Undergrad: 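Could you have a look at this structure, given as structure tokens, before my questions?
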Amino acid sequence: MAGVRGFIQELPKAELHLHLEGSIEPATLLELDASLTAEEVKAHYQYANFLGFLRSYEWVTRRLRTPADYAHVTRRLLDRLATENVRYAEINLSTGVILWKGQDFAPIYEAVNAEARASSVEVRWIFDAVRQFAVEDGMRVAELAAERTGDGVAGFGIGGDEARGPAGKFAEVFAFARRKGLRLAPHAGETTGPETIRASLELGAERIGHGIRAVEDEALMRYLRDHDIPLEVCISSNVATGVVETLAEHPLRRIYEAGVPVVLNTDDPAMFHTTLVREYEIAAAQFGFTEAELRRLAENSFRYAFSACGS
């Protein structure tokens, strides 16, 4: 495995499904909030299910109080990506959560984007709305993204609890985002069935965050293959949140062999105790991906990037 690890490390890679707030290592969180204990942080980095993870994600985001905090975690993330030979990243910024916390968004974005510009990793941002919030909240996120399309923002997406926030209710928001030139990458088919993927495609989704439930619908799999629409697959995330019960049951190999485009990602690397190199290692060790297939996955990560600069 050491040889495979070296091969993966040397591969130029991009990451297309990565949440800034979910990248915060426990040690970094302790730096931000001296009132926390290591035991308290550890308890919030373990989850029984997806809803438990969402509660922990909210808890972590509340530790980000100032633009300087956001800048600090961005710098730490980009430094780690550089050590993995990640050349390009599209980072989800939980804009909907920032607004929900009542924070002034502009200085926060200026802080994280300044860190991005200073990094050796090329960065574009995807502004993420919260699907269980009101449509008006989602529209505000899209508006903020549209205002910054020439300043580092590539796309718009929605995340959160699929069962409580069907994609269809955001039709007007997605239409606005498309008119403004934003690329669309909603989460879908993670905790609910393939119908959520279909609903997202109807709204113009160009990539699907997670999307592993597509495996339950052969016609949908063919559609994704024939229309060259990639799934942003996050193996460790799906196991940690209980979306799949065991690693062995993960449908990555079946999706890949069906010809559906796949990009490997970490989602929330610190909160799921993983790295992008490790996700590739899992693909090799658990699902038998050869070096040629791993190289193809790495090539996909650039091919399906929203920014032409990512290619």
Side-chain angles (χ1 to χ4, degrees), residues 14-23 50 53-54 57 89-97 124-133 138 141-142 145 153-168 170 173-174 177 182-216 220-221 223-224 227-241 243-244 250-252 255 260-269 271-272 274 276 279 297 300-301 303-306 310:
E15 174 134 35
L16 305 184
H17 189 118
L18 167 64
H19 295 267
L20 174 65
E21 294 85 347
S23 75
F50 183 76
F53 161 70
L54 289 183
Y57 190 88
E90 291 179 2
I91 303 176
N92 278 268
L93 181 63
S94 294
T95 308
V97 174
R124 295 294 182 272
W125 299 94
I126 295 175
F127 283 11
D128 203 31
V130 182
R131 63 195 315 144
Q132 61 265 31
F133 290 0
V141 172
V153 176
F156 169 79
I158 55 172
D161 188 349
E162 290 178 61
R164 293 169 55 202
F170 292 94
V173 181
F174 275 84
L182 292 164
R183 312 297 294 275
L184 305 179
H187 293 54
E190 178 186 11
T191 59
T192 58
E195 67 280 358
T196 62
I197 301 172
R198 290 186 176 278
S200 295
L201 294 173
E202 290 173 2
L203 298 179
E206 300 168 79
R207 294 196 317 245
I208 298 293
H210 296 285
I212 59 170
R213 298 288 292 275
V215 77
E216 300 169 12
L220 176 58
M221 295 263 276
Y223 183 92
L224 294 169
H227 290 79
D228 201 30
I229 297 172
L231 302 183
E232 304 161 357
V233 175
C234 311
I235 307 167
S236 294
S237 166
N238 299 151
V239 177
T241 61
V243 172
V244 296
H250 198 284
L252 170 63
I255 291 169
V260 177
V262 169
V263 180
L264 287 186
N265 310 273
T266 59
D267 196 10
D268 301 278
M271 300 187 76
F272 297 135
T274 194
L276 191 56
E279 295 302 294
L297 291 174
N300 281 351
S301 69
R303 176 183 177 188
Y304 294 105
F306 284 155

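On a predicted model such as this, the values are computed, not experimentally measured, just so you know.
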Undergrad: Are any of the side-chain heavy atoms of Leu264 and Leu252 separated by less than 4.5 Å?
TA: yes
Undergrad: Report yes if the side chains of Leu203 and Pro186 come closer than 4.5 Å at any heavy-atom pair, otherwise no.
TA: no
Undergrad: My understanding is that only residues two or more places apart in sequence, or in another chain, count here; which of them pass side-chain hydrogen bond (donor to acceptor under 3.5 Å, both in side chains) with Glu21?
TA: Tyr57, Ser94
Undergrad: Going by the rule side-chain hydrogen bond (donor to acceptor under 3.5 Å, both in side chains), which residues pair with Thr95 if we only count those two or more places apart in sequence or in a different chain?
TA: none
Undergrad: Looking only at heavy atoms, which two atoms of Gln132 and Gly159 are closest? And how far apart?
TA: OE1-O, 4.1 Å
Undergrad: May I ask you to test the Asp267-His210 pair for a side-chain heavy-atom distance under 4.5 Å?
TA: yes
Undergrad: Atom NE2 of His187 and atom CG of Asp128: how far apart are they, to the nearest 0.5 Å?
TA: 5.5 Å
Undergrad: Would you say the side-chain atoms of Ser301 pair up with the backbone N or O of Ala14, donor to acceptor, closer than 3.5 Å?
TA: yes
Undergrad: Please name the pair of heavy atoms, one in Phe272 and one in Ala240, separated by the smallest distance, quoted to 0.1 Å.
TA: CD2-CB, 3.4 Å
Undergrad: Does Glu279 reach the main-chain N or O of Ile235 with its side chain, forming a donor-acceptor pair under 3.5 Å?
TA: yes
Undergrad: What distance do Leu184 atom CG and Leu201 atom CG have between them, rounded to the nearest 0.5 Å?
TA: 11.0 Å
Undergrad: When you measure from the side chain of Asn265 to the backbone N and O of Leu16, does any donor-acceptor pair fall under 3.5 Å?
TA: yes
Undergrad: Drop me the distance from Leu20's CG to Trp125's CH2, to the nearest 0.5 angstrom.
TA: 5.0 Å
Undergrad: List for me each residue that meets side-chain hydrogen bond (donor to acceptor under 3.5 Å, both in side chains) alongside Glu202, sequence neighbours excluded, and say none if there are none.
TA: none
Undergrad: What residues form a ring pair (Phe, Tyr, Trp, His ring centres under 6.0 Å) with Phe127, not counting sequence neighbours?
TA: Phe105, Tyr109
Undergrad: For residues Phe306 and Glu206, determine if any side-chain heavy atom of one lies less than 4.5 Å from a side-chain heavy atom of the other.
TA: yes
Undergrad: Would you say Leu276 and Pro269 make side-chain contact, with heavy atoms under 4.5 Å?
TA: no
Undergrad: Please report the closest heavy-atom contact between Pro261 and Ile229, naming both atoms and the distance.
TA: CD-O, 3.7 Å
Undergrad: Whether the side chain of Arg124 engages the backbone of Ala154 through a donor-acceptor N/O pair (distance < 3.5 Å, no angle test) should be reported.
TA: no
Undergrad: For Ile126 and Gly157, work out which heavy atoms get closest and say how close.
TA: CG2-N, 3.9 Å
Undergrad: Within this structure, what is the CE-CD1 distance for the pair Met221 and Ile197, rounded to the nearest 0.5 Å?
TA: 9.5 Å
Undergrad: Ignoring hydrogens, what is the shortest heavy-atom contact between Leu18 and Thr266? Give both atom names and the distance.
TA: CD1-OG1, 3.6 Å
Undergrad: Kindly compute the distance separating CG (Leu182) from CZ (Phe156), expressed to the nearest 0.5 Å.
TA: 8.5 Å
Undergrad: If the plane angle is over 60° it's perpendicular, under 30° parallel, otherwise tilted; pick one for His17 and His19.
TA: perpendicular
Undergrad: Partners of His250 by side-chain hydrogen bond (donor to acceptor under 3.5 Å, both in side chains), sequence neighbours excluded?
TA: Asn238
Undergrad: Can you name the salt bridge (charged side-chain N to carboxylate O under 4.0 Å, His left out) partners of Glu90, sequence neighbours left out?
TA: Arg207
Undergrad: Enter the distance from Asn92:CG to Ser23:OG here, rounded to the nearest 0.5 Å.
TA: 11.0 Å
Undergrad: Counting N and O atoms only, with roles assigned by atom type, does the side chain of Thr196 sit under 3.5 Å from a partner on the main chain of Gly193, one being a donor and the other an acceptor?
TA: yes
Undergrad: Can you name the nearest heavy-atom pair linking Val262 to Val233, along with the distance?
TA: CG1-CG2, 3.9 Å
Undergrad: Check whether any side-chain N or O of Glu162 sits under 3.5 Å from a backbone N or O of Glu190 as a donor-acceptor pair, and report yes or no.
TA: yes
